[in-house]
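Beneath this line is the structure, given in structure tokens, with notes to follow.
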Number of protein chains: 2
Amino acid sequence: MNVSLRQLRAFVAVARTGSFTLAAESLFITQSALSGLIKELEQTLGLKVIDRSTRRIHLSDVGRNLYPLVDKILHDLDGILDEVASLKALKKGLVRVAAPQLMASTLLPEVIAAYARVHPEVTIRLVDCVVESVISRVFSGEVDFGVGPEREPNSDIAADTLFELPFMAVFPPGHRLAARPDLRWADLMGHPFISLQGQFTERLTGDLRQAVRDLTLAPTNEVAFMSTALAMVSAGLGVTVCIPYAASLVRLYRLEMRPLSDPVVARRFYVFTRDGRSLSPAAESFRAFLHAYVAEHPF
Amino acid sequence: MNVSLRQLRAFVAVARTGSFTLAAESLFITQSALSGLIKELEQTLGLKVIDRSTRRIHLSDVGRNLYPLVDKILHDLDGILDEVASLKALKKGLVRVAAPQLMASTLLPEVIAAYARVHPEVTIRLVDCVVESVISRVFSGEVDFGVGPEREPNSDIAADTLFELPFMAVFPPGHRLAARPDLRWADLMGHPFISLQGQFTERLTGDLRQAVRDLTLAPTNEVAFMSTALAMVSAGLGVTVCIPYAASLVRLYRLEMRPLSDPVVARRFYVFTRDGRSLSPAAESFRAFLHAYVAEHPF
DNA sequence: ATGCGTTTATAAGGTAATCCGATGAATGTC
DNA sequence: GACATTCATCGGATTACCTTATAAACGCAT
């Protein structure tokens, strides 16, 4: 029995209004179109569901039994379609974003606050974790997408460049480095260098050696979190480097940031998504918003 | 959002099978037709519900939420359509028939038994009542149709002739009337006449006076039920008349029936339905069966 | 009984949805 | 890189649905 939704909607509209003419109006079609829908429905079912003449309309016995059941189904379906429309219109939605701790405590809260002003009904759930967890959380589906620095390519993960920014020197106000007009990596060599554990230091060391053969970065301390590093710099225990997106945190510690050259070493940050998997409307919206925000707010 | 049932069925089939090709087979359409249905569904909804390549298929986030809800709706709808199909195929159904006591204790039980042998899943509910109630029960919708003798026409009630049969004399075996070769109404005049209350006698008296001016039927007793009349005839308290469809009851009382002429007075019996209202498949089936039964079993 | 206003049914023609068969493009495996 | 298989697209045909016009039916008033 190949009945159609249009036919069922026509039937319910007639049952509700008691008139073909009024039912047609309620469905925004002409009376003759509605008459044809009812005729085809009855032919497909093989029995009458509406007894009518030009002056009277009644549901048949079968029609009377059918009406509340079909009415409920259409009501449920319309509820589902409304739900989808709400998701599409960003009238509701949930976005889960994984990001490393530094991202999660500097850039992203700003972007999320700005986004909430535009789309208050969408919930952004920030999942802060170590850099190495970002991609695995994306892969597992635990989050909609992740934000973080470049890592080994993975065929199941798509990486979309968010920004590429250079490292900058960070030191306390009044530090001897503050007096130099143009800072070079070599200038940092005479000072205790505080770095981050893991690929941060490995990649940095590799990049420097590749650019200047005898430039060797020997961290005097390797800590897990940038906030620890900044606190130590603030305490006069050395200097560090970081990417400009963390400027807000550097200012919080009342530290100074200066560009570094010879060489300029940059890091790319990406939005990671599962390859071949679409984002929900809300996630796609926030992803695009993040890209636009970063493009509009140079650090 | 004008989605169609075909599109929703396509979506659920893909979700269930994990393949466009297998989903198309399960819906008895080609793979390209199914591909088009999914494409149109996503265009109508304005978002992706299925992420796919030539080698992989996943439901999107929205698709994953949508699937169980749509699946349930389609399951419920198919249940309803199966119900309608069962009603149409007479695999289920209830028919309520109103009939006068005499009809209800002679003809109709026979017909219902015969019908049950052909359509065991249909329930026939016999509502026995006085003649005058038959039409009002049809009118009120309390029964699907009624069976009974002619009464004043009513524009809301349609009357479809079931049979037209003549009155016959009823008397005990060995009665003086049994010796006569051809009985005439005048022959009954010399005997106590037991009649039925109400329009039975009024209509009969009117018909007889209309045919033969000085033929006056003066019942010596008027009772409510034919069974009472037959019992009294059996006890030798008089004679009566009745319509041949009640022959089984007359035999039960071991009485004899003979045709009556000068005049032949016939009564029409009808199937009464509400005008402009269709019968359910089961009711229509039983109504047709009743007509056929009566045509095939002359009394 | 007749005329009238209004409602449902039908006809003709047009558009949208759905379908088929053929084939292109993509993809994982060998 | 070749191959088998799956999804996407194209062109054409059919079906479902729609509009406008109009016929048929019907309850009411006269």
Side-chain angles (χ1 to χ4, degrees), chain A residues 1-45 48-60 63 74 154-158 274-278, chain B residues 1-45 48-60 63 153-158 274-278:
Chain A
M1 286 195 185
N2 249 330
V3 303
S4 72
L5 273 180
R6 299 296 287 165
Q7 292 169 353
L8 296 175
R9 290 192 192 283
F11 166 62
V12 161
V14 172
R16 182 175 288 148
T17 60
S19 153
F20 278 43
T21 304
L22 293 175
E25 284 173 15
S26 75
L27 293 177
F28 307 103
I29 61 177
T30 62
Q31 172 271 319
S32 56
L34 191 126
S35 184
L37 286 169
I38 298 299
K39 179 181 179 181
E40 285 310 305
L41 174 63
E42 288 177 333
Q43 278 182 351
T44 299
L45 294 179
K48 283 284 187 189
V49 292
I50 301 176
D51 294 319
R52 68 257 187 208
S53 68
T54 57
R55 283 287 178 273
R56 291 202 206 157
I57 287 195
H58 299 95
L59 296 185
S60 69
L74 293 179
N154 180 332
S155 68
D156 295 311
I157 298 294
R274 279 181 294 177
D275 197 39
R277 307 295 279 270
S278 60
Chain B
M1 284 196 184
N2 248 330
V3 303
S4 72
L5 275 180
R6 297 298 283 168
Q7 291 168 355
L8 295 175
R9 288 192 194 285
F11 166 63
V12 160
V14 173
R16 183 175 289 147
T17 60
S19 154
F20 277 43
T21 304
L22 293 176
E25 284 174 17
S26 75
L27 292 178
F28 307 102
I29 61 178
T30 62
Q31 173 270 319
S32 54
L34 191 124
S35 183
L37 286 169
I38 297 300
K39 178 181 180 181
E40 285 308 307
L41 175 63
E42 289 178 332
Q43 276 181 353
T44 299
L45 293 179
K48 283 283 188 189
V49 291
I50 301 176
D51 295 318
R52 68 258 188 209
S53 69
T54 57
R55 283 288 179 275
R56 291 206 206 155
I57 287 192
H58 299 95
L59 295 184
S60 68
N154 179 331
S155 69
D156 295 312
I157 298 294
R274 278 180 294 178
D275 197 39
R277 309 293 280 270
S278 61

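Heavy atoms only: backbone and side chains are in, while hydrogens, waters and symmetry mates are out. Just so it is clear: chains get the letters A, B, ... in the order the sequence lines come, proteins before strands, and each one is counted from 1.
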Notebook entry, point to check: Counting side-chain heavy atoms from CB outward, which of D:dC17, D:dA8, C:dT8 is closest to A:L37?
Noted result: D:dC17
Checklist line | Separation of C:dA16 P from A:F28 CZ (nearest whole Å) | finding: 19 Å
Item checked: Rounded distance (Å) that lies between atom P of D:dT15 and atom CG of A:N2 -> 13 Å
Item checked: Phosphate contact (C:dT18 OP1 or OP2) by B:S4 side-chain N/O below 4.0 Å -> yes
Margin query: Using whole Å, what does the distance between atom P of nucleotide D:dA8 and atom CG of B:L41 come to?
Written below: 13 Å
Check: Using a cut-off of 4.0 Å on non-hydrogen atoms, how would the nucleic acid contact of B:S19 be classed: base, sugar-phosphate, or nothing?
Finding: sugar-phosphate
Check: How many Å lie between CZ on A:R9 and P on D:dA16, as a whole number?
Finding: 19 Å
Notebook entry, point to check: When rounded to the nearest 0.5 angstrom, what is the spacing between CD in B:E25 and CG in B:L34?
Noted result: 10.5 Å
Next item on the list: Tell me whether the OP1 or OP2 atom of D:dT9 has a side-chain N or O from B:S35 closer than 4.0 Å.
Entry: no
Next item on the list: Remember a base hit wins even if backbone is also touched, and classify B:S32 as base, sugar-phosphate or nothing at under 4.0 Å, heavy atoms.
Entry: base
Next item on the list: Look at B:Q7 and C:dT18 and indicate whether a side-chain polar atom (N or O) is within less than 4.0 Å of OP1 or OP2.
Entry: yes
Notebook entry, point to check: Rounded to whole angstroms, how far apart are CZ on A:R55 and P on D:dG27?
Noted result: 7 Å
Note to self: Please report the distance, rounded to the nearest Å, between CD1 in B:I38 and C1' in C:dA17.
What the structure shows: 15 Å
Next item on the list: Quick one: label B:L34 by what it contacts on the DNA or RNA (base, sugar-phosphate, nothing), any heavy atom closer than 4.0 Å.
Entry: nothing
Note to self: At less than 4.0 Å, is any side-chain N or O atom of A:R6 found next to OP1 or OP2 of D:dC18? Yes or no.
What the structure shows: yes
Note to self: Is it the case that the base of C:dA17 and the side chain of B:E40 share a donor-acceptor contact (distance under 3.5 Å, atom types as modelled)?
What the structure shows: no
Notebook entry, point to check: Rounding to a whole Å, what distance do you find between B:E25:CD and C:dC20:P?
Noted result: 12 Å
Check: Strictly by modelled atom types, are B:S60 and B:D51 linked by a side-chain donor-acceptor pair under 3.5 Å?
Finding: no
Check: Is a side-chain donor or acceptor of A:S35 paired with a backbone partner of A:Q31 at a separation under 3.5 angstrom?
Finding: no
Notebook entry, point to check: So, does A:E42 use its side chain to make a donor-acceptor pair with the main chain of A:I50 at under 3.5 Å?
Noted result: yes
Check: A:S53 or B:A33: which one's nearest nucleotide on DNA chain D is closer to the 5' end?
Finding: B:A33
Margin query: Measuring to OP1 and OP2 of D:dC26, would you say a side-chain N or O of A:R52 lies under 4.0 angstrom away?
Written below: no
Note to self: What is the distance, to the nearest angstrom, from the CG atom on A:D51 to the C1' atom on C:dA9?
What the structure shows: 16 Å
Checklist line | Closest listed nucleotide, where the reference is the side chain of A:F20 and the choices are C:dC19, C:dT7, C:dA9 | finding: C:dA9
Note to self: Within the structure provided, determine whether A:N2 and B:L5 are in side-chain contact (heavy-atom separation under 4.5 Å).
What the structure shows: no
Next item on the list: Could you check whether A:T30 gets within reach of a base, just the sugar-phosphate, or nothing at all, counting any heavy atom under 4.0 Å?
Entry: base
Notebook entry, point to check: Side-chain N or O of A:K39 less than 4.0 angstrom from OP1 or OP2 on C:dT8?
Noted result: no
Notebook entry, point to check: Does any donor atom in the side chain of B:T17 or B:S19 lie under 3.5 Å from an acceptor atom in the other side chain?
Noted result: no
